[in-house]
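Everything quoted here is computed from the prediction, not taken from an experiment.
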Amino acid sequence: MCCPSWEVTPVTFRQFAIKNVQRNYKAYLAYFLSCTFSILVFFLFAVHLFHPRIGERFTSGPVHLVMSAGEVAIAAFSFLFILYSVGTFLRTRSHEFGLLTMLGATRKQLNRLISMENLIIGLAALVTGIAAGLFLAKYFLLVASVILEVPELEFYVPVKAMLLTAAGFLAMFLLISRMAPWAVRSKAIIELLKGNRKPKKPPKASAWLSMAGLLLIAAGYAIVVRQMAIPFDLGVIAVLVSAGTYLLYAQLSVFALRWLRSVPALFFRKTNVVWISDLAYRMKDNARLLFVATITCTVSFSTMAAFYAVFQSVDEEYAKSYPIPFSYFSYASDPGRERHLSLIASALEEDGLSYETVSVPFVELDGGPRQNPAAISAEGYNRLAAVLNREPVQLKPGEALEVSVWTNKADTRIEFREHETVEFGGVPLRLTGVIQDNIFPEGSFAKLLVVSDADFANLDAAIREGTYYGFAVRDWTAAAAAAEKIRAQIEPDFDAFKYRSSPDWYKADQLTYKLILFVGTFISVVFFIAAGSFIYFRFYTDVQEEKAKYRNLRKIGMTVREVKKIATIQLAILFFIPFLVATLHSVFALQTLQTRMAASLGGSASVVLLGFFAALILYFCLLRSRYLRSVLES
């Protein structure tokens, strides 16, 4: 009787790695999707950056700079994000690596296996990300054409974008595949076999360190609220709040949960005893994760809210910088005054723009062709004030007011001192007050005084004299075409006249801010998704341990509904706390920006934060559904 024989088919090391990826596809799915998303965003930016029509118009300048900066930022963050992701998922397979080591796998073979698996996943994500990018590129270019206000950007074969994305991420995955084995290099076999099921020590927390965490955060907030002038204030605030945030998770959260255990009426009520006890362990274990998620969310929220607020304030800022949109400063030596004024008026009328004119004499100390000290009469100021709906002034002989030549911001406000005297054109004047809101386009003069009508008439005749002509256009944001016509026909001559108009610069700046908002939105979304992914990765790492725990709870009589309640409470606390703390940090960060911009950012920031919160709730619902399904399955 013959014994049956089996033919064993040899498996190469590469095939073994591919089989491992296939068998562990659930563990690597989120890592694969994270890589694919990072590649997709980078590729879409590259498609836009290398578009032929974009190259024709924006080969240099702010648009190209912003897009290039966006590419660099996404590439740098993608590297850190992918590196963190791979480390997390390697830890979920530590038990498997321990078994392979016991079966005779050498450290070199284990490292090679980990490197090869990561390279396989990276290549698959690279192909998937570029393919998805090619599918979505048309829609991305459509949105970009609207933002850049250029004719519709047609689809093209983005060879340069594909080469840059492939080369950049291939190098990234090669580097990560070399670094990945470090996650398990120093662990002994017995530690690998235990994986995430090591016995846990009771969590401890210090009341002093908990208090220190609160004090550090409070100190950072106090600097913002009180607007303290200290060296390197932004760096100091960041260090204080960051250190306080870490202690908040590592110490204060555990201390608070231990205190809850000392309240019997609360601790022993229904299922509280289970989730409070277990949550103390999880908060201690996940302190670094929650800290990273909080800082990442703070950057995401603050960046997005700041960009959106700045974009929303462009009109307001230009209205402050140019109180009267079209300004013409004519000196006595200006031969083309009448022609230029007629050109401005006709260009505005051709475009159907209603306007109001005002003219005011001024005198200027002749120190150079561009920015010199100047003065106007009280009657002239009141004429401008009437057009701008501002309060008139009254001055006696020998008195003067100083008017800011810059917009009213914290770093440009004029400091007023009682009984201060100034001299202008040989006439001594007593300064009786300051006006912080500029009345001419900002930077038109080095300094501007308002003097009484009598003093204005007695100023030194040798001073350079001129007349200011202003065209107050109500719908000035629609005057870009008119401004372009005027600019094309007026040759600059600083000795004879100075012409300035806000629509000249407004359109270009609005385009830049739109693009910054566009790029900032993408980067903020990447940070936001990364923060949520960090928490999801951690929950996935613990899913086997949690599955065993909940199975044991059901064996001792706990219902499925009670198990779901416990899991949901823990998940919600660990998921929402980083976002709520990040929101609070962002509010104070935006307060700093608001103070420096002298603009209200509350409305814009609220819109952004509400949008993030809505996305957060949706993200949590999806995560909860997947998590409960994983821990309750047999």
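- Using modelled atom types, no side-chain atom of Gln251 and backbone atom of Gly213 make a donor-acceptor pair closer than 3.5 Å.
- When atom types are taken as modelled, the side chain of Asp453 and the backbone of Glu379 share a donor-acceptor pair closer than 3.5 angstrom.
- A distance of 8.5 Å separates CD1 of Ile439 from OH of Tyr468, quoted to the nearest 0.5 Å.
- Ring geometry for Tyr506 versus Trp476: interplanar angle over 60°, hence perpendicular rather than tilted (30 to 60°).
- Atom CZ in Arg383 sits 13.5 Å away from atom CG in Leu388 (nearest 0.5 Å).
- Seen from the ring of Tyr331, Arg464 counts as a face-on cation partner, given the 6.0 Å and 45° thresholds.
- From Lys447, atom NZ reaches atom CD1 of Ile414 across 8.5 Å, with rounding to the nearest 0.5 Å.
- Other residues, nucleotides and ligands contribute more than 12 heavy atoms inside 6.0 Å of the CD atom of Glu399.
- Between the side chain of Arg474 and the main chain of Tyr355, no donor-acceptor pair closer than 3.5 Å is present.
- Counted within 6.0 Å of CZ on Phe613, heavy atoms from surrounding residues, nucleotides or ligands total 12 or fewer; the atom is thus considered open.
- The closest donor-acceptor contact from the side chain of Ser300 to the backbone of Thr296 lies at 3.5 Å or more, if one exists at all.
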Verdict with reasoning, Lys498 to Asp493, per salt bridge (Lys or Arg N to Asp or Glu O under 4.0 Å): CA-CA 7 Å; Lys498 289 187 290 187; Asp493 184 354; over 6 Å; no

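- Thr294 places a side-chain heavy atom less than 4.5 Å from the side chain of Tyr249.
- In this structure the side chain of Ser327 reaches within 4.5 angstrom of the side chain of Pro441, judged on heavy atoms.
- No donor-acceptor pair under 3.5 Å is formed between the side chain of Asp351 and the backbone N or O of Leu353.
- Note: Phe579 and Phe575 have tilted aromatic rings, judged against thresholds of 30 and 60 degrees for the angle between ring planes.
- Residues Leu252 and Leu247 form no side-chain contact, since every pair of their non-hydrogen atoms from C-beta on lies 4.5 Å or further apart.
- Taking 4.5 Å as the limit, every side-chain heavy atom of Ile237 sits out of range of all side-chain heavy atoms of Tyr221.
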Derivation of the side-chain contact (heavy atoms from CB on, under 4.5 Å) call for Tyr469 and Arg337: CA-CA 10 Å; Tyr469 298 91; Arg337 176 189 305 148; 3.6 Å; yes

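- Considering Phe445, Phe497, Tyr499 in turn, Phe445 is the only one that fulfils the ring pair (Phe, Tyr, Trp, His ring centres under 6.0 Å) rule with Phe329.
- Side-chain atoms of Asn458 come within 3.5 Å of backbone atoms of Ala454 as a donor-acceptor pair (strictly under, hydrogens ignored).
- Between the side chain of Ser302 and the backbone N or O of Val299 there is no donor-acceptor pair closer than 3.5 Å.
- Annotation: side chain of Leu164 is in contact with side chain of Phe50 (closest heavy-atom distance under 4.5 Å).
- Closest heavy-atom contact between Ser359 and Thr467: CB-CG2, 4.2 Å.
- Nearest heavy-atom pair, Glu391 versus Tyr381, reported as atom, atom and distance to 0.1 Å: O-CE2, 3.9 Å.
- Between atom CG of residue Leu401 and atom CD1 of residue Ile376 there is a gap of 10.0 Å, rounded to the nearest 0.5 Å.
- With contacts defined as side-chain heavy-atom distances shorter than 4.5 Å, the pair Leu449/Val403 does not qualify.
- When only modelled atom types and interatomic distance are considered, Tyr322 and Ser501 share no side-chain donor-acceptor pair under 3.5 Å.
- A pairwise comparison of heavy atoms in Val360 and Gly380 identifies CG2-O, 3.5 Å as the closest pair.
- Other residues, nucleotides and ligands place more than 12 heavy atoms under 6.0 Å from the CD atom of Glu423.
- Of the possible polar contacts, none joining the Ser404 side chain to the Asp437 backbone as a donor-acceptor pair under 3.5 Å is found.
- In this structure, a donor-acceptor pair under 3.5 Å is absent between the side chains of Arg430 and Thr421.
- In this structure, the side chain of Ser342 does not engage the main chain of Glu338 through any donor-acceptor pair within 3.5 Å.
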Glu402 vs Ile435, side-chain contact (heavy atoms from CB on, under 4.5 Å): CA-CA, chis, key distance, verdict: CA-CA 6 Å; Glu402 184 175 355; Ile435 299 172; over 6 Å; no

Trace of the ring pair (Phe, Tyr, Trp, His ring centres under 6.0 Å) decision for Phe612 with Phe301: CA-CA 8 Å; Phe612 273 117; Phe301 294 169; 4.8 Å; yes

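- When all heavy atoms are compared, the tightest approach of Val451 to Ala400 is CG1-CB, 4.2 Å.
- Proximity of a side-chain donor or acceptor of Asn382 to a complementary backbone N or O of Ala378 within less than 3.5 Å is detected.
- In plain terms, the two heavy atoms of Lys396 and Ser452 that are nearest each other are O-CB, 3.7 Å.
- With a 4.5 Å cut-off on side-chain heavy atoms, Trp406 and Asn438 do not count as touching.
- Here Ile344 contributes atom CD1 and Lys485 contributes atom NZ; the two are 13.5 Å apart, rounded to the nearest 0.5 Å.
- Two residues are said to be in side-chain contact when any heavy atoms from C-beta on lie closer than 4.5 Å; Phe424 and Val363 meet this criterion.
- Minimum heavy-atom separation, Phe326 to Ile486: CE2-CD1, 3.8 Å.
- Distance check: Leu343 CG to Tyr328 OH gives 10.0 Å after rounding to the nearest 0.5 Å.
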Leu240 and Ile223: CA distance, side-chain angles, deciding distance, side-chain contact (heavy atoms from CB on, under 4.5 Å) verdict: CA-CA 10 Å; Leu240 289 174; Ile223 295 174; 3.9 Å; yes

Step-by-step side-chain contact (heavy atoms from CB on, under 4.5 Å) determination, Leu290 to Ile577: CA-CA 8 Å; Leu290 297 173; Ile577 278 183; 5.7 Å; no

